[in-house]
Chemist: 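One structure, as structure tokens, below. Some questions next.
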Amino acid sequence: MSTTLDAGHVPAPRELTTNPRTSDKIFRGVVTGFGMTALLILTLIGLFLSIRGIQTIHMQGFGFLTRSNWEVVQTDAGTTYNLGVGAMLLGTVLISIIALVIGVPLSVALALFLTFYAPARIKTFLVSVVDLMAAFPSVLYGLWGFFVLMPLATYWGKLLFKYLNWIPIFDAPQYFFERSPFIAGVVLAIMIIPIVTSVAREVFAQTPLDRIQAAYALGATKWGVIKTVVFPFGNSGLIGGAMLGLGRAFGETVAVYSVLNIVFKVNIHILYGSGGNVASMIIQKWGESTGGETTALLAAGFILFLLTLLVNLGANFIVRNTLKSGK
Amino acid sequence: MTDLAYDTVKPIKPWKATGKERITTAISLLLALVLAGVAVKTTGLSGKLGYALSFIIFSTLFQIVVSVRKFGRKALGDSIATSLVYTGATLTFAPVVSILFITLKNGIAGLRWNLFTTDMFNASFLDPIGNGGLLHALLGTVTLILIAMVISVPMGIMTALYLTEIRGKGSNLIQFVVQAMSGVPSVVAGLFIFTSVILLTPLKASATAGGLALTVLMIPTVTRTAQEVLLLVPADLREAGLAMGATQWKTVATIVVPAARNGLITATILGVARIAGETAPLIFTIGGADKLNLNPFKDYTSAMPFYVWKGLTLGTPESIQRAWTGILILLILVLSLFTVARTLGGRRMK
């Protein structure tokens with residue numbers, strides 16, 4: 001088909017419009033729909049688990065959060081439950097803090113090494129190794145933690161007890177140092193190193209180069225530059241990274257279960273072999289649980305979900321603000 | 001032509017260690033080795049670890065003394081910091097080396113051909129490793145991964161497209177949600193599928209339920225990687241497409257996505273590597289069978305991490321041997337996925 005144009009006849013210009021075509025409308029609709037599923041899933045997780053949470057609070061009262069016993073008594077009249085996750089919550093926080101105290105300085109050292117000290121040739125390889133650490137299955141950390149790390153860490157625990165037992169948290173009511181919160185903390189510290197390191201590296205890499213060079217030009221040593229330029233600049237980013245690590249540590253299940261002796265009793269003696277962790281407690285009690293106990297375990301999962309959600313949102317907020325300010 | 005004698009100037013390399021400095025370093029390292037030996041003999045420190053620890057302390061001390069004598073007091077902080085950084089970096093790599101070495105050593109001892117040809121239906125975990133195998137777990141993991149992939153790859157990529165191409169009003173919110181989702185503990189994902197799917201729908205504990213739980217964990221990984229990759233596609237390409245009169249749909253489908261194809265495959269593989277080793281969500285969702293089950297919708301199934309977990313918790317020498325061998329196979333799987341993702345992505349790390 002060919003169109004001929006008369007000299008005097010000018011075709012009317014195409015209508016200009018900002019309205020998307022039908023195909024684009026469908027495309028945008030579909031993609032937006034898929035984009036919203038993430039929100040939907042997160043909401044559903046919160047919704048379904050919060051129902052169990054409310055049921056449990058209804059059954060046990062708010063003491064569920066503070067009590068530290070887990071008793072299911074079966075009689076002819078029925079089953080009575082006396083459940084509480086107080087010790088487990090406290091234990092989770094305690095172990096995660098130990099993990100941070102050990103893991104964060106190591107991660108910062110590693111990130112400094114990778115950013116400022118490592119020769120370019122081995123740097124790429126080492127970065128891959130750190131990323132690989134994040135991909136190790138957690139059950140592998142559990143196996144390794146139980147058979148390799150625990151004998152070592154028990155010995156370190158005994159040494160700490162021998163020399164530092166005048167500090168209350170390093171004291172122990174009995175001479176029993178295996179499967180202690182300290183050991184679980186060491187395993188968790190190793191597990192959070194990759195995430196904290198990668199955030200720290202990202203933050204360090206954002207330090208404005210001109211300020212680094214200005215510091216060198218003023219005669220600063222490498223440490224001087226790090227102390228006066230890199231750290232002040234990346235401070236809040238590091239805090240955010242540590243919080244991301246904390247979120248990871250809160251939710252870790254299998255590895256902690258392998259190396260921790262779960263006891264429903266508040267214990268702040270970190271070297272003593274008795275501790276708690278919400279996630280591990282859930283899988284420990286899951287097998288034989290029925291009825292109200294299962295509901296309570298789901299409620300414990302809800303508490304864990306809320307905790308990690310809060311910590312993660314805070315962390316992401318901080319990290320994003322730092323990274324933005326660098327640009 | 002004048003005959004000027006040119007002296008070839010030897011470039012000065014002030015950063016290079018001189019012979020004298022090398023000798024000092026060697027001597028101080030030797031001294032540290034000896035002193036560490038003495039320390040292990042005389043104090044409470046013992047074993048290889050005690051030796052390593054005292055060696056690190058002594059060599060650091062010598063290094064500090066040497067550099068302070070050379071550069072003065074200003075070097076004190078710097079050399080302390082340098083040695084701390086090096087020590088810290090070494091300490092973090094020690095577990096990786098140890099984990100790889102131990103897994104290889106313990107895992108190889110249990111490798112038998114029958115592992116890949118039989119399941120555990122006619123054998124017990126307590127039997128010698130020659131009985132039974134992990135075919136059911138291997139195929140179970142493959143099924144779980146396929147189910148999770150079928151759901152989360154389209155979802156993840158679409159969400160990434162929403163964040164990079166549509167950039168609608170909800171972008172900031174979705175970005176936040178995706179980040180929050182990547183922090184959801186794996187045990188919570190399992191509990192969620194248990195209370196929403198297994199308790200409320202006809203679908204009982206099965207590969208599909210397990211796959212759904214893994215989907216929750218996989219979507220954020222795929223989304224975040226895909227988003228990064230899509231952002232790398234130059235804006236010029238998009239504008240060129242639009243300038244040629246293509247609709248946004250055509251531009252995305254025929255230009256943006258093909259341009260990012262390798263990266264999107266990388267995103268998928270990283271997602272798979274993320275979930276392949278997850279144990280906790282499976283405890284609530286797959287039931288844990290000892291028999292090969294290829295029906296993803298019905299009956300219990302098993303998975304590699306679950307097999308390892310079972311071996312570890314049973315705690316007899318035979319079952320633990322099974323666990324080590326299982327984790328070795330799983331680790332090889334994860335490692336190869338990881339390597340493929342890295343090569344394919346070809347991302348030059350900074």
Side-chain angles (χ1 to χ4, degrees), chain A residues 21 23-24 27-28 31-32 34-39 41-42 44-45 48-49 52 105-106 109-110 112-113 117 124 127-129 132-133 135-140 142-144 148 152 190 193 205 221-224 247 250-251 253-254 258 279 282-283 286 298 301 304-305 308-309 312-313 316, chain B residues 49 74-75 77-78 81 84-86 88-89 91-93 95-96 98-99 102-103 155 158-159 161-162 166 168 170 173-174 177-181 183-188 191-192 195-196 216 219 247-249 273 277 279-280 283-284 305 308-309 312 323-324 327 330-331 334 338 342 349-350:
Chain A
R21 315 268 181 87
S23 65
D24 265 4
F27 169 69
R28 283 168 168 260
V31 172
T32 310
F34 270 103
M36 292 303 159
T37 50
L39 181 64
I41 292 174
L42 204 68
L44 284 181
I45 296 178
F48 273 104
L49 292 180
R52 305 299 175 178
L106 285 177
L110 181 58
L112 283 178
F113 177 74
Y117 289 86
T124 324
V127 168
S128 291
V129 173
L132 180 71
M133 250 175 113
F136 279 171
S138 57
V139 65
L140 173 58
L143 258 176
W144 177 80
V148 181
L152 285 174
I190 296 167
I193 282 174
T221 55
K222 198 173 248 178
W223 171 239
F250 275 164
T253 317
V254 171
S258 313
I282 295 173
I283 56 170
W286 187 260
L298 289 164
L304 192 63
F305 172 67
T308 46
L309 199 65
N312 269 304
L313 287 183
N316 279 317
Chain B
L49 243 127
K74 197 181 127 189
D78 191 47
L84 279 181
V85 164
Y86 274 86
L91 279 180
T92 47
F93 286 115
V96 185
S98 163
I99 287 174
I102 294 282
T103 310
M155 269 191 175
M158 286 286 197
T159 311
L161 281 176
Y162 177 76
I166 309 265
L173 176 70
I174 296 299
V177 166
V178 169
Q179 270 166 354
M181 226 175 132
V184 168
S186 54
V187 62
V188 169
L191 288 174
F192 164 60
T195 163
S196 63
V216 176
I219 287 178
T247 56
Q248 191 180 20
W249 148 244
T279 319
I283 292 172
F284 311 105
V308 174
W309 173 243
L312 172 64
W324 279 117
I327 200 75
L330 185 61
L331 191 64
V334 172
F338 197 76
R342 264 291 140 79
M349 297 313 270
K350 270 177 269 172

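If you're wondering where the values come from, they're calculated on a predicted model, not measured in any experiment. Below, read A as the first sequence line, B as the second, and so on, with proteins coming before strands; counting in each chain starts at 1.
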Chemist: Just so I understand: if I count every heavy-atom pair under 4.5 Å between each of B:Val177, B:Leu173, B:Leu161 and chain A, which residue has the most?
Modeler: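 Among the listed options, the one with the most contacts to chain A is B:Val177.
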Chemist: What are the two closest non-hydrogen atoms of B:Pro185 and A:Gly251, and how far apart are they?
Modeler: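 Nearest pair, atom of B:Pro185 first, then A:Gly251: CB-CA, 3.6 Å.
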Chemist: Rounded to the nearest 0.5 Å, what separates atom CD1 in B:Ile327 from atom CZ in A:Phe136?
Modeler: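 B:Ile327 atom CD1 to A:Phe136 atom CZ measures 10.0 Å (nearest 0.5 Å).
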Chemist: Pick whichever of A:Leu152, A:Leu309, A:Leu44 has the most heavy-atom pairs under 4.5 Å with chain B.
Modeler: A:Leu44
Chemist: Roughly how far apart are B:Leu91 CG and A:Ile190 CD1, rounded to 0.5 Å?
Modeler: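 Spacing of CG (B:Leu91) from CD1 (A:Ile190) equals 10.0 Å.
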Chemist: Side chain from CB out, backbone as N, CA, C, O: work out which of these in B:Leu191 comes under 4.5 Å of a heavy atom of chain A, or both, or neither.
Modeler: both
Chemist: Please state whether the side chain, the backbone, both or neither of A:Thr37 comes within less than 4.5 Å of a heavy atom of chain B.
Modeler: side chain
Chemist: So for A:Leu140, is it side chain, backbone, both, or neither that comes closer than 4.5 Å to the heavy atoms of chain B?
Modeler: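 Both parts, backbone and side chain.
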Chemist: Compare every heavy atom of A:Ser128 with every heavy atom of B:Arg342, then report the nearest pair and how far apart it is.
Modeler: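 Taking B:Arg342 first and A:Ser128 second, the nearest heavy atoms are NH1-OG, 3.1 Å.
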Chemist: I want to check something: taking the side chain as every heavy atom from C-beta on, are B:Tyr162 and A:Phe34 in contact at a cut-off of under 4.5 Å?
Modeler: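 They are not in contact (no side-chain heavy atoms under 4.5 Å apart), so the answer is no.
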Chemist: So which atom in A:Leu313 and which in B:Ala180 form the shortest heavy-atom distance, rounded to 0.1 Å?
Modeler: CD2-CB, 3.7 Å
Chemist: Can you tell which part of A:Ile45 gets under 4.5 Å to a heavy atom of chain B, answering side chain, backbone, both or neither?
Modeler: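 Interface part for A:Ile45: both.
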Chemist: Find the one option among B:Val184, B:Val96, B:Ile219, B:Ile99 whose heavy-atom pairs under 4.5 Å with chain A are most numerous.
Modeler: B:Ile99
Chemist: Just so I understand: if I count every heavy-atom pair under 4.5 Å between each of A:Phe250, A:Trp144, A:Phe113 and chain B, which residue has the most?
Modeler: A:Trp144
Chemist: Check each atom of B:Val85 against the heavy atoms of chain A and say whether the ones under 4.5 Å are side chain, backbone, both or neither.
Modeler: both
Chemist: So, does A:Asp24 use its side chain to make a donor-acceptor pair with the main chain of B:Thr247 at under 3.5 Å?
Modeler: no
Chemist: Testing the basics here: between A:Ala279 and B:Val187, what is the closest heavy-atom pair and its distance to 0.1 Å?
Modeler: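 Scanning both residues completely, I find the closest heavy atoms to be CB-CG1, 3.9 Å.
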Chemist: List the atom of A:Val254, the atom of B:Ala280, and the distance in Å for their closest heavy-atom pair.
Modeler: CG2-N, 3.9 Å
Chemist: I'd like to check the ring pair (Phe, Tyr, Trp, His ring centres under 6.0 Å) partners of A:Trp223; sequence neighbours left out, ordered by chain and number.
Modeler: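 Result, ring pair (Phe, Tyr, Trp, His ring centres under 6.0 Å) vs A:Trp223: none returned.
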Chemist: What part of B:Ser98 gets within 4.5 angstrom of chain A, counting heavy atoms only: side chain, backbone, both, or neither?
Modeler: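 For B:Ser98, heavy atoms of backbone and side chain both lie under 4.5 Å from chain A.
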Chemist: Please report the shortest heavy-atom distance between B:Gly183 and A:Asn312, naming the atom on each side.
Modeler: CA-ND2, 3.4 Å
Chemist: Quick one, B:Trp309 with A:Ser258, criterion side chain to side chain contact (heavy atoms under 4.5 Å, CB included). Give me CA distance, side-chain angles, the key distance, then yes/no.
Modeler: CA-CA 9 Å; B:Trp309 173 243; A:Ser258 313; 4.2 Å; yes
Chemist: What is the distance from atom CE of A:Met133 to atom OG1 of B:Thr92, rounded to the nearest 0.5 Å?
Modeler: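 Going from the CE atom of A:Met133 to the OG1 atom of B:Thr92 covers 6.5 Å.
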Chemist: Go through the atoms of A:Thr253 and report whether side chain, backbone, both or neither lie under 4.5 Å from a heavy atom of chain B.
Modeler: side chain
Chemist: On the 0 to 90° scale, with breaks at 30° and 60°, tag the A:Phe27-B:Trp249 ring pair as parallel, tilted or perpendicular.
Modeler: tilted
Chemist: Which bit of B:Phe93 is near chain A, if near means a heavy-atom gap under 4.5 Å: side chain, backbone, both or neither?
Modeler: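 The side chain, not the backbone.
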Chemist: Quick check for you: to the nearest 0.5 Å, what is the distance between B:Met155 atom CE and A:Ile41 atom CD1?
Modeler: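 Between atom CE of B:Met155 and atom CD1 of A:Ile41 there are 5.0 Å.
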Chemist: Can you list everything that forms a ring pair (Phe, Tyr, Trp, His ring centres under 6.0 Å) with B:Phe338? Sequence neighbours excluded, please.
Modeler: none
Chemist: Is it the backbone or the side chain of A:Val148 that comes under 4.5 Å from a heavy atom of chain B, or both, or neither?
Modeler: side chain
Chemist: Quick one: CH2 on A:Trp286 to CZ on B:Phe284, what's the gap to the nearest 0.5 Å?
Modeler: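 These two atoms lie 5.5 Å from each other.
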